[in-house]
Amino acid sequence: MTRVLIALCTLMFATAGHAIADEKIPLKVLYAGKLDDPRTEDYRVFLAAHFQSVTIRDYLTLKLEDARECDVVLLDWPDGPPRDMATGRFLIPRLGPDYSKPTILIGWGALGTAREFKLKIKDFCVC
């Protein structure tokens with residue numbers, strides 16, 4: 001939860017001084033989502049219009065190395081959490097215990113990631 005609050009504050013303060021100017025906010029943003037979903041393209045267009053650098057990656061194959069050069073990570077999955085059909089476990093990015101980037105979780109599908117990092121988000125909080 002702390003990471004999410006830090007990420008939101010970072011975005012809020014970074015955008016405050018740029019609201020009037022046409023210049024882009026000097027942050028490198030990584031958006032990881034469902035690549036074949038139209039929502040991913042919508043986010044890409046929106047983020048590219050406002051931030052200095054935007055990288056798009058697949059949510060399910062995202063690795064720690066992919067996030068090294070960015071300032072903020074947005075993890076998004078538009079549907080219910082993706083699951084391994086054989087085990088029923090959530091499929092999530094394998095970021096590992098050393099992951100420490102400011103991160104914003106978007107969509108119900110990010111519930112698996114929230115559980116992995118032991119964030120205080122319950123199923124009923126993401127409807």
Side-chain angles (χ1 to χ4, degrees):
M1 187 63 157
T2 302
R3 290 180 186 156
V4 173
L5 291 175
I6 291 170
L8 287 172
C9 288
T10 300
L11 286 174
M12 182 177 69
F13 288 120
T15 59
H18 296 273
I20 298 172
D22 279 337
E23 63 189 67
K24 291 185 179 186
I25 300 160
L27 287 176
K28 296 176 186 171
V29 176
L30 173 89
Y31 173 90
K34 188 175 183 180
L35 294 183
D36 63 350
D37 193 278
R39 165 182 173 132
T40 299
E41 178 61 13
D42 290 343
Y43 268 106
R44 186 197 64 74
V45 170
F46 172 77
L47 294 169
H50 298 284
F51 293 95
Q52 176 185 5
S53 172
V54 176
T55 303
I56 305 295
R57 293 284 183 263
D58 180 22
Y59 175 87
L60 295 175
T61 61
L62 185 69
K63 296 184 239 62
L64 180 62
E65 300 81 46
D66 297 329
R68 286 202 198 282
E69 300 298 319
C70 71
D71 298 310
V72 178
V73 175
L74 288 90
L75 296 177
D76 180 29
W77 193 261
D79 309 318
R83 293 179 183 261
D84 178 312
M85 292 304 184
T87 65
R89 292 182 54 120
F90 289 127
L91 298 173
I92 61 169
R94 295 296 170 198
L95 300 170
D98 295 332
Y99 180 74
S100 62
K101 290 290 181 177
T103 303
I104 298 173
L105 302 177
I106 305 168
W108 186 37
L111 176 64
T113 302
R115 286 185 179 173
E116 180 74 15
F117 284 100
K118 297 177 176 54
L119 300 178
K120 295 182 182 193
I121 297 176
K122 298 293 181 191
D123 297 3
F124 60 86
C125 294
V126 294
C127 57

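Hydrogens, waters and symmetry mates are skipped; everything else that's a heavy atom, side chains included, is used.
- For Asp37 against Pro78, the heavy-atom pair with the smallest separation is OD2-CG, 3.5 Å.
- Contacts of Asp79 classified as salt bridge (charged side-chain N to carboxylate O under 4.0 Å, His left out), with partners at least two apart in sequence or in another chain: Lys34.
- Rounding to the nearest 0.5 angstrom, the gap separating the NZ atom in Lys101 from the CG atom in Leu64 is 9.0 Å.
- Of all the heavy atoms in Thr113 and Pro93, the pair that sits closest is OG1-CD, 3.5 Å.
- Of the possible donor and acceptor atoms, none in the side chain of Lys24 sits under 3.5 Å from a partner among the backbone N and O of Ser53.
- Here Ile92 contributes atom CD1 and Leu60 contributes atom CG; the two are 10.0 Å apart, rounded to the nearest 0.5 Å.
- Dense packing is recorded around CD of Glu65, with more than 12 heavy atoms of other residues, nucleotides or ligands lying under 6.0 Å away.
- We find the CZ-CG distance between Arg39 and Asp42 to be 9.5 Å, quoted to the nearest 0.5 Å.
- In this structure, CD on Gln52 lies 8.0 Å from CG on Asp71, to the nearest 0.5 angstrom.
- Between Asp76 and the options Tyr43, Tyr31, Tyr59, a side-chain hydrogen bond (donor to acceptor under 3.5 Å, both in side chains) holds for only Tyr31.
- Atoms OG1 and CG, on Thr55 and Leu62 in that order, are 10.5 Å from each other to the nearest 0.5 Å.
- Among residue pairs with one or both ends in residues 80-89, none qualify as side-chain hydrogen bond (donor to acceptor under 3.5 Å, both in side chains); sequence neighbours excluded.
- Side-chain contact between Phe51 and Val72 is absent, with no heavy-atom pair separated by less than 4.5 Å.
- Not a single salt bridge (charged side-chain N to carboxylate O under 4.0 Å, His left out) links Arg94 to another residue, sequence neighbours left out.
- With values rounded to the nearest 0.5 angstrom, Leu74 atom CG is found 4.5 Å from Ile106 atom CD1.
- A 4.5 Å side-chain heavy-atom check between Val73 and Leu95 finds every atom pair outside the cut-off.
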